[in-house]
Amino acid sequence: MSFFEIQGLRMHYATSRGRVKAIRGVDLKMDKGQALGLAGESGCGKTSLGLSILRLLPNNAHITRGRILFHGEDLLRKSEEEMRRIRWKYISMVFQSAMNALNPVYRVGDQIVEAILAHEDITKDEAKERVSELFSLVGLDPGRAGQYPHEYSGGMRQRAVIAMALACHPELLIADEPTTALDVIHQKQIIEKMDELREKLGMTMIYITHDIAIISETCDVMAVMYGGKIVESSKVRDLLRRPMHPYTQGLIRSIPPLHDSVGRLTSIEGEPPSLLSPPRGCSFNPRCAYSRDICRTSEPPLRQLNGGLVACHFAEEIPWP
Amino acid sequence: MALITTENLRKVFPVRKRLFGGQEYVTAVDDVSFKIHRREVFGLVGESGSGKTTCGRLLLRLLEPTSGSIYYDGVDITKLTGRELLSFRRRVQMIFQNPYESLNPRFTVYDSVAEPLIIQRIADGEERRRRVIEALERVRLTPAESLLRRYPHELSGGQRQRVAIARALVTEPDFVVADEPVSMLDVSIRAGILNLMLDLRDDLDLTMLFITHDLAVARYMCDRIAVMHKGRIVELGSKEDVIENPQHPYTRALLSSVPRLHSLSKT
Amino acid sequence: MYRYLLHRILQIAITMFLLIAMVFILFRVMPGDPASMVLDPKMPPEAKALMKKQLGLDEPIYSQFIIYMKNLLHGDLGRSFYYGRPVYDVIMERLPNTILLFTSATIISWGLGYALGKRIAWRRGTRFEHALTFMGLLFYSVFLPWFGLIMIWIFSYRLGLFPLGGMITPELWTAGGAGIIALVLDVLHHLALPLFVLTLLSFAGAMLLMRSSMLETLREDYILTARAKGLSEKVVRDKHAARNALLPMVTALALSLSFSMSGGVLTETVFSWPGLGKEIVSATLNYDYPLAQAAFIFLAAIVLMANLVADIIYAYLDPRIRY
Amino acid sequence: MGIIEYARTSIKENWSLFRRSRMGLLGLAILAFFAFLALLAPIPRLIDDMYHPMVGVDPEISYSTPPSLRHPMGTDFMGRDLLSQFLSGAQIAFAVGITAAVISVLIGTAIGLTSGYYGGKVDALLMRLADIVLVLPGLPFIIVIAAALGKMSIWIIVLLIALLGWPGVARVIRAQTLSLRERPFVEAARVAGAGDRRILLHHLAPNVLPLTFLYAALGVSGAILTEASLSFIGLGDPSVVSWGMMLQWAFTTGHTFRAPYWILPPGLAISLLSLSFYLVGRALEEIINPRLREP
């Protein structure tokens, strides 16, 4: 039994324009203590996947198929009350716009105390004590716990949100673009802090980001999402050394390197697919240089190749570099 | 000769007024002097709040400098008014960060691209239409005719940014300020826009001020790079010098903070 | 925050001054003899001449205004033509009645609007929400005086449950011997129906405002965070969503106070509630200009005071306000 | 870029959204019903002089009678036909409501745009003015004006309602303008050389137009209710027959508890017509502000 596993998950949003198929069959497996980087562009379903795990999707979202197994138990079958107890205590999350994740009318410390008291049978003073520890842990002055969010800078709020996510010592932490709003120098500090804490606390982590470079610096395993599906996943080192899916390859080719000069970047033509009416067959086929007839009719399954997983009919034949 | 020269440029913004107290100020651009040569892509790099965007706006007279001067083709543009200002506007343009915001949602593609022509009273009727189509084709939006009556919300992010670029280039300007033109776009379409801009620079002999927070993008796009920090330029040099051999501690800190695609450099 | 309040009080004082000036000018520049607007037509000519001098009616308008303001500050608002008594005395009798009706209706309808608004927003899309929203809009647009009459017709005239109007049963008060509790109950008995009508009409506005404010708040990331923290639905709704949704509602409701006051005037008229609202209507119909002016000034003052209270509440609720 | 062309496309798009709101459609239906009645208003007096809403009197009746074949809604205390009065009331309600709303929305939009776009001293001055008008208790204010004027005409009433109604609109439009002004497309227009006039008329105005429509719809309800209130308390224009006037006649002649056929229709009509505009307004609001829309 693996620590955390998603099997065949499908989810759509019912909207006025039709069903937006945000997750179209996702399989994922994680061991305890692993850090998984989930890469993909905006609107490819990675945030929806994070929210599905905690069952925090809006009302118009419908999970139609699949299982989310945590310690072998299906989270999708839990009652609302059971789920409430699992949230934050076992699985917690750092949200995309952490800037707004703090309620402006309450003191930062109180918001963390609240999370602790919702799950643990300790006194308020003990919880406050824990907040001080957490603040020192993430490099914030514990004296500032009594301040309101608007008195914090962006970087401090980010740290506070991370402190809050760690408040109940969760086993799994989902971080959704935790540093996009920050400057590179702050980003570096936060990423290193999270890395350090993960090692120290033995946490398992899912790191959702569009920035492959960040994944390469922090994660063990990487999964690339495209059009609501995982198209490739394997160890970060392997994946970056030899990306197998044409989309992953294109993504890596289109990132300008800092230190080596390249003649000219190659871009991926076209636009990401609409999840309202995803293309038939392989969802990448309209943009793929290697696409053939079969790509337009049959959906490639995620299959084992070179120690990783890839969803492409012709993965073996596509060269790199 | 330099196309643009700034001397001791300074911009101070008033921030909140107190009821009985005085006015508080913040200095966004502080004593900035540089030259941009013809046909050069000049990069302005820094974090948010470093003053790089304010600097770009000053060059286009979207903001009035508190002090200092800006020479464009030898003329001090801080003193232009009326007709002279309008003809200056014809020679300079801007590409904005957010293509979702820089096009008026109530304008069709045709309206947006034609607007500079209407304001500048260049061409009308069939000639105007011809120029609009030409501009759209130049940014590789084809077939251009089919896009003319579309609204921005019917376009993808990449298409919108191309429309914005077409609009900026329709009056055939000499100088373009590009303010983070790809930071809101998906990774997979960024390279396409960057390549397009480099091609256009060559085809149209453009001079460009390229504002970005991304050092790797700056390296790809620019000839020279200026690093801004707290309103000042802390380092200026060729891109190789600035990135491979940074002198200022802030530039070094910035460079060491950029996450690297580790295994890639080995291949 | 004190600075902020000081600022607001200053603003309110200026507004009040401008309102008084406006009313003053309005009554002086209107066609006809200005004296006839201020002086009781029933007064003997000698007394009229004396009053004219006292009020400075023969002097230029700005010095008239200074005299007017001076008198106003001394509580001298002239004599009511209709009652033949000082206007000030009439106003002081009516003021508490209006405050009683207006504040109790305001507090109850805000409370009700808040409680229902947060619930219907939370249960967005359910039949409960649609029904209450529709009902809210229905009450919001109902024509108050007409609705009041129908209520009187049903509950007072037909069923005899409440008095037909007024604020007290005169016999009970003049006869003496009735205990304080009986007197209070008598007032409450008279208050019930007008209060009900006024509340029914103003709670809907508060409820619909709370609903849209809450719907906006529910989209905020800190709500998602609160749910992710494993807090119970009720805590997320009340402590996180409703608490924040309250802020824009306080502002909006402060502005809609003047609207409620219009409703108050009509309610008093229909229920013969002896307040300033009824007085301003009857004074106007009786050409009792000094009383009409004064009643308006005091009604405006009540609204301004209520606005100030709302500002204080806002400043207290929002930690970001620290001017 | 014509505003007309934009309006055409946006009506087409928004109608499909509007159609999904059941309450909005209900409002539109009620509104259409009363509009139809308002159109019928001149017909009775063409049939017979006795059906004139104001001066027509049934020669055989001099008191209030319940509905009959001759008078389908009954007659008032002088024997005047209630149906023709009711139809006239519909006409007045639309005229007052729409005119007052349009005037106040035009003033409010113009002031809001100016205030938001130019900012500075102009803004401060206009907004202080708006603040003062905003806290004016509306009905009492119109009442004291009526007292000072001595007599009211329907157009003075319309004007007063409009003059009290603009600040709410101005504030919202100003807030919208402030945020639009900072949007890059305005800056993009300026880079292209656009002047203030062009930016205001071509870039800002079309973008606040939907809000203007919304406030116009809501304003109609408010105006109808205010006019009815004034007429009801006896301060309306005595030369026109409005629904509020009908109620006032019933009230002052002591028919309140005796003639439901007289009391019920006008009150119900005022309430329903103002409800219909609120319903339409609310449906518009959900289109304009997608944050309120159900997913």
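Order of the sequence lines sets the chain letters (A, B, ...), proteins ahead of strands, with each chain counted from 1.
Heavy-atom pairs under 4.5 Å with chain D were tallied for B:S102, B:S87, B:P116; the largest tally goes to B:S102. With respect to chain D, the highest number of heavy-atom pairs below 4.5 Å among B:L103, B:V177, B:L62 belongs to B:L62.
Residues of residues 110-124 of chain D lying within less than 4.5 angstrom of chain B, judged on heavy atoms, are absent. Chain B is approached within less than 4.5 Å, heavy atom to heavy atom, by D:R183, D:P184 from residues 171-184 of chain D, ordered by number. Within residues 89-97 of chain B, the residues having any heavy atom under 4.5 Å from a heavy atom of chain D are, by residue number, B:R89, B:V92, B:Q93, B:M94, B:F96. Residues of residues 185-192 of chain D that come within less than 4.5 angstrom of chain B, heavy atom to heavy atom, are D:F185, D:E187, D:A188, D:A189, D:R190, D:V191, D:A192 in numerical order.
For the residue pair B:P105 and D:N207, the shortest heavy atom distance occurs at CG-OD1, 3.6 Å.
At a threshold of 4.5 Å between non-hydrogen side-chain atoms, the residues D:H202 and B:N104 do not count as touching.
Other residues, nucleotides and ligands place more than 12 heavy atoms under 6.0 Å from the CZ atom of B:R130. Counted within 6.0 Å of CZ on D:F94, heavy atoms from surrounding residues, nucleotides or ligands total more than 12; the atom is thus considered enclosed.
Proximity to chain D (any heavy atom under 4.5 Å) is restricted, for B:L86, to the side chain, taken from C-beta onward. Residue contact with chain D, scored on non-hydrogen atoms closer than 4.5 Å, is absent for B:R61.
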